[in-house]
Amino acid sequence: IAVHKSLLSWVSAIKLYSCIKSDGSLWTWGSNSVGNLGDGTTVAKSSPISLAGFNWKQVSCGELHAAAIKNDGTIWWPGDCGQSMWNDKI
């Protein structure tokens with residue numbers, strides 16, 4: 001898989017994919033059955049969509065969730081935790 005030079009980090013987990021570009025923007029795509037893409041829907045996306053600003057440092061994902069850390073150290077978690085937006089801090 002070719003990784004574009006503007007990507008800071010990239011992860012995949014079975015049906016879910018996420019990446020952070022060098023500008024700090026968070027992108028995600030794939031299965032979205034429990035809102036795990038964080039776009040407020042449960043509609044799968046075949047192409048990357050940009051989400052929630054430009055302050056992302058690290059991202060991780062599993063089959064039914066994604067989690068990300070912002071530059072301020074807060075952890076954000078959409079998906080199979082009762083919410084479907086990137087506005088929930090832990």
Side-chain angles (χ1 to χ4, degrees):
I1 296 173
V3 177
H4 194 273
K5 65 182 177 180
S6 69
L7 295 182
L8 184 61
S9 65
W10 183 86
V11 294
S12 67
I14 303 173
K15 300 175 190 174
L16 178 63
Y17 308 90
S18 298
C19 67
I20 298 175
K21 290 179 68 174
S22 57
D23 65 2
S25 60
L26 176 63
W27 296 75
T28 188
W29 65 102
S31 174
N32 198 20
S33 61
V34 294
N36 42 331
L37 294 182
D39 67 345
T41 75
T42 55
V43 177
K45 306 293 187 287
S46 60
S47 299
I49 56 172
S50 179
L51 299 169
F54 294 90
N55 297 312
W56 300 100
K57 179 179 181 178
Q58 188 174 359
V59 66
S60 179
C61 58
E63 184 176 4
L64 296 177
H65 75 278
I69 300 173
K70 282 195 160 188
N71 287 326
D72 65 6
T74 56
I75 300 171
W76 299 70
W77 186 291
D80 199 17
C81 63
Q83 301 293 326
S84 63
M85 296 292 288
W86 282 100
N87 59 2
D88 285 330
K89 300 192 274 192
I90 295 178

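Just so it is clear, the model here is predicted, and its values are computed rather than measured.
The nearest pair of heavy atoms linking V59 to S18 is CG2-CB, 3.6 Å. Among all heavy-atom pairs drawn from D23 and S25, the shortest one is OD1-OG, 2.6 Å.
Between D72 and N55, every side-chain heavy-atom pair lies at or beyond the 4.5 Å cut-off. No side-chain heavy atom of W29 sits under 4.5 Å from any side-chain heavy atom of S47.
Applying the side chain to side chain donor-acceptor pair (under 3.5 Å) criterion to S31, with sequence neighbours excluded, gives no partner residue.
Atoms CG and OG, on L26 and S50 in that order, are 7.5 Å from each other to the nearest 0.5 Å. One finds the CG atom of D39 at 4.0 Å from the NZ atom of K45 (value rounded to the nearest 0.5 Å). Atom NZ in K57 sits 11.0 Å away from atom CD1 in I75 (nearest 0.5 Å).
No donor-acceptor pair closer than 3.5 Å links the side chain of K21 to the backbone N or O of C19. The main-chain N or O of Y17 is found under 3.5 Å from a side-chain atom of T28 such that the two form a donor-acceptor pair.
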